[in-house]
Every structure is written in structure tokens, then in C-alpha cells.
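Reading through the C-alpha cells given below for one structure.
When reading the values below, keep in mind they use all heavy atoms of this one structure, side chains included, and skip hydrogens, waters and symmetry mates. Every number for a ligand or one of its atoms is a count from 1 in the order of the listing. Along the sequence shown, the residues carry numbers beginning at 1.
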Amino acid sequence: MSTTPAQAPVAAVIVLAAGGGTRMKSKSSKLLHPVAGRAMLSYSLDAAQTLNPDKLVVVVGHMREQVEALLEESYPQATIVEQPVRNGTGGAVACGMQALGDINREVVVTYGDVPMLSGETLAQLVATHREGGNACTVLTAVVPDPTGYGRIVREGGQVARIVEHRDATEAERQIREINSGIYVFDSAVLRDGLANLEPDNDQGELYLTDVLGYARLHERNVGAYMTDDIWQTEGVNDRVQLARMNAEVNRRILEHWMLEGVTIVDPHTTWIEADADLEPDVTILPNTQLLGATSVATGAVIGPDTTLRDVEVGENAHVIRTHGELSVINADAEVGPFARLRPGTVLGAHGKIGTFVETKNAQIGDGSKVPHLTYCGDAFIGEGVNVGAGTIFANYDGSHKTPTHLGDCVFIGSNSVLVAPVDIGDGAFVAAGSAIVEDVPAGALAIARGREHLSSDWVLRKRAGSAAADAASDSAGEIHSAVAEARAALREENQEDDQ
Ligand code: UD1
Ligand code: CA
């Protein structure tokens, strides 16, 4: 699309958001249902904002508390107006105009439930309106199935009026050019037109569309801007349409990132939400969802089978079959497969969170590794640490959560439990199978387990004649060669160290 020249701002945008949304069959307002991770209504407001209106008015009604909460939080500049009775689009705009008071110039009317409508399209609509010297300009589209929409009735090519599907004749129903419900009005014509509306239609409502007929009656120009991207005029009324809309928005988001240099191996199973941010040369493998404000730096590989929400992934990191939330994975780190990163996880550069590891509120220093079968919660881990397989950070005593601190270059032997709060100093070692309840000073070795006790020939005495006893008598005294060799090598190394 050609770049739109900078435009003088319009006087106001009125966003209609009072409708019922009953076909969603939901406890939450239709307008809060997410499209690509953001509330449907926020798209309309963001598009409206691009016009730099002097005033932004949102007309609320159905489930207004929910809608107002979103507006107050994210769009404090919006003026909220209640439509007390749902008497039609004309009634809704009249409420908005009342709140605006004495204004002139243009008023744009749009809906809260058209998430794909872009600011560019709104700008084109305003430009068309100005070029034509129009009193009203409507955004239209030619669609394959116009059922339910208002139809654009043209006379000699000019827009004459809009007729609702239910009020239309059979001949009018053949028209495939539909009213999107998005318009620019001259504010004086809009005000007069609204004052003259009558509910003389099948629904007994005040139809905003009748303002166009009013303008024509007073020999004012009514124009149209037709978009060929029909998705931009598409509303969401039920969850079937919501799913279709999400699929299309996702398709466009993926296309955008691919054109920005991201490899997406399987677009059909990849979901990237609107607020995610990716750098060129990222690779996304199948079945991956990048949700919320997730960001991925160049060279990183994500997936397959990975869901990240609000996770920051550094350069060249690899994240495989992982579920992560509110976490940071630094450059060149490795995560997964089968890892769960809960909020507050920070993995240092070149670090590792491996298979069947769950982390929560865990800071893991550069080059530190938690490779297998570990729960690591409320942990502060220095650099160059190795946490052995099956280690548990016991951070909860039934009533309190407390932290565990590991200094730099600590070694935790497999199957240890670190009972918080506990501090293990720099370079300290914990022997495999230990239950650590007291601090371990820097450089110490802690062994906290029962000694091995041997009852020689117990099987031969107590299980005589069994397969185990037969096996034992055949190999009495033998040690497997691999173990024997490893032990000899260790012994040699220790002797060298002692010299
Ligand atoms: C309206 C148009 C129709 C157009 C269609 C596009 C009229 C009379 N008809 O149809 O020509 O093709 O939109 O989707 O305008 N709303 C309120 N208060 C109300 C009624 C509606 O705020 O009292 C809001 C709704 O929340 C929604 C929008 O207005 O955002 C459209 O309402 P909806 O009932 O969906 O439109 P239709 O009347 O079917
Ligand atoms: Ca609708």
C-alpha cells in the first residue's frame, strides 16, 4: 500500500461498544476476548488513535464494567459514555455526540469488534471523504456472502442509501457490496441526521445508516471507500468467527516475521501473538506458541513443542519441548527437552536447564547447569555450578517458602535434597544422596547420608537355591571391568594430586 500522507486530525472517533455479544455465550464481554493475545477492543482503539483525534469516545453498555476496566487501565484518554438503552447504532452514536458537545470537522464512527481494521484503512477513508467534499463516507467491501449485512444501494454509481438485510427487497439482497459500519461524517450533518432518525424499520431501532439517506435528501455528497481486504470489515459475533479471525491474524503475523527473516518451519502449527518480538535468523520449529511479550534474539532455535509466555530468549539459545512463563533465558543457554520454567526463572549465558526440570524464582548463573530431574525453586545459584540429577531444592516447610543459595563452582551430587533456608559456599561439594539441612562453608565437602553396610554372603545364606544365589556363587568377588578400570584411574589421579 502507498504511504498515506500525514493527515490533519479528525475532531473525534466514536467507537461503538455497547452491543450484547450474546452469541459468544460468555461471562466476559465479547470485546475482551483475545485476538492474538490482545483484547479485541484494543485493536479498534489502536486503529482509532492513529487518526490523532481530538477526542476518543467509547460508547459502552452491555457488561460495561469489564469494558471500562480495560479502558481505564490502557486508554485513560478515552471518554466513556454509557448508552442506557440499546436502541440501535443511531442511538449509540447520538450518546457519543452528546458527550462531544459543540464540535465541528469530522467524526469517525467505528466498532469495537472489528479487530483487523487498520489505521491505514481509516486514513484512506478520511482522505476519500476530504477529496470528495463529502458529508458522509462509508467503508464498504464486496463480499462473497453478504447475508446479515446492510447493503450499499447505489444510484448512477453514487451511494444513495443503506438498506439492512432484514428490511431489504429480494433485489437489494442480491447486492454484494456491504456496509462495514465504519464511516466518516461531517459533524453538523451527523447531528442533524441523528435528530431526525425514526425507528421505522423491522427492528424498531434507530439506524445510523439512515443518516446517509438524510444527507442525500439534503443533496449532500455521500461517498464510499471500498477496501479489497474484506477481513478488515469482518466483525466477531460468535466463537466460530473468533477462531477464524485468530487464524487469519496469526497467519498475517507469521507472514510478517518470515518476511523479517525468521524461519518458521511449520506455519500451520505455530502461533505467535501480537506482542511477541523476534529477530532475524530465529528458527521456530513445529508446534510452538510464542505468547504475550515473548522476545527471541537472533540465532535462537525454539521448539518443537514449546510454549513460551512473556519469556525473553537470548542469542543462539536453544529451547526444546519446554513450557516457560515470565522467565529469562540468556545467550547460548540450553533448555529442555521437557523443562518447565515458572515465573522468575533467569538462566545465565551458556547455562542449562535440562530434562524433567522444574524451576521457579530461580536465578541460575552463567555456565551453571541443572541438567536432569530436578525441582529448583527459590534458588540463587552462582556461576559454573553443577546440580546433579534428581536434586530437590526443598523450599517449602508447609507454611513458609525460603531460599537456597549456592555460590560459584558448587557441585551438588545426584539425588540430594537441599532443605531451605541453606547456604552452600563457593566451590563447596555435596556428596550424592545427601540431605543438607545446615550451611556448607566454601570449599567444604558435605556428606549427609547413611554409611553403606554389607552383610557378606547374605543371599547365599538366606536365599539358597534362588536364581540370585546361583548368580552370586558364579561370580563371587568379581568386580565389573568398567568399574574396576574407572576406580583404578581415579585412584591414580588422586595419588598424583597428593604428590
Ligand atoms: C450494523 C449496520 C449494518 C452493517 C453492520 C456491519 C445499522 C443499522 N446496521 O448492523 O448496515 O452492515 O453493522 O457489522 O447500523 N451497537 C451499540 N448500541 C446499539 C446497537 C449496536 O453500541 O444499540 C454497536 C455494537 O456493539 C456493534 C455495532 O454497534 O459494535 C454494530 O451493531 P450490530 O448489532 O452488530 O450491527 P447490525 O445492526 O447488525
Ligand atoms: Ca455485528
Consider only side-chain N and O atoms of [X] and [Y], and report whether a donor and an acceptor are under 3.5 Å apart.
{"X": "Asp46", "Y": "Gln49", "value": "no"}
{"X": "Glu312", "Y": "Ser295", "value": "no"}
{"X": "Asn361", "Y": "Lys401", "value": "no"}
{"X": "Thr345", "Y": "Thr359", "value": "yes"}

Is Asn87 touching ligand 1 with its side chain, its backbone, both, or neither, if touching means heavy atoms under 4.0 Å apart?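 It is the backbone that gets close, since no side chain atom is under 4.0 Å.
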
Specify side chain, backbone, both or neither for Ala92, according to which of its non-hydrogen atoms lie closer than 4.0 Å to ligand 1. side chain

Indicate yes or no: does Arg176 engage Asp145 in a salt bridge with an N to O separation below 4.0 Å. no

Salt bridge present between Glu155 and Arg216 (N-O < 4.0 angstrom):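 Salt bridge absent between Glu155 and Arg216.
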
Show me which atoms of ligand 1 lie under 4.0 Å from any heavy atom of [X].
{"X": "Thr89", "result": "7 (C), 8 (C), 15 (O), 20 (C), 21 (C), 29 (O), 31 (C)"}
{"X": "Glu164", "result": "2 (C), 3 (C), 7 (C), 8 (C), 9 (N), 10 (O), 11 (O)"}
{"X": "Gly19", "result": "17 (C), 22 (O), 25 (C), 26 (O)"}
{"X": "Leu16", "result": "22 (O), 24 (C), 29 (O), 30 (O)"}
{"X": "Gly150", "result": "3 (C), 4 (C), 11 (O), 12 (O)"}

Please determine if [X] has a nitrogen or oxygen closer than 3.5 Å to a nitrogen or oxygen of ligand 1.
{"X": "Glu205", "answer": "no"}
{"X": "Asn179", "answer": "yes"}
{"X": "Gly148", "answer": "no"}
{"X": "Val85", "answer": "no"}
{"X": "Tyr183", "answer": "no"}
{"X": "Gly88", "answer": "yes"}
{"X": "Tyr207", "answer": "no"}
{"X": "Leu208", "answer": "no"}

Check for me whether the distance between the ring centres of His400 and Tyr396 falls short of 6.0 Å. no

Does any pair with a residue in residues 139-198 pass ring-ring contact (aromatic ring centres under 6.0 Å, His included), and if so which ones, sequence neighbours excluded?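 Listed by first then second residue: Tyr183-Phe185.
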
Residue pairs meeting ring-ring contact (aromatic ring centres under 6.0 Å, His included), one or both in residues 13-54, sequence neighbours left out, come to none

Is it the case that the side chain of Asp366 and the backbone of Glu383 share a donor-acceptor pair, with hydrogens and angles ignored and the cut-off at 3.5 Å? no

Closest contact, heavy atoms only, Ile230 versus Pro144: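 Smallest interatomic distance, heavy atoms only, reads CD1-CD, 3.9 Å.
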
Measuring from non-hydrogen atoms of [X] to any atom of ligand 1, is the shortest distance under 4.0 Å?
{"X": "Gly235", "answer": "no"}
{"X": "Val59", "answer": "no"}
{"X": "Thr209", "answer": "yes"}

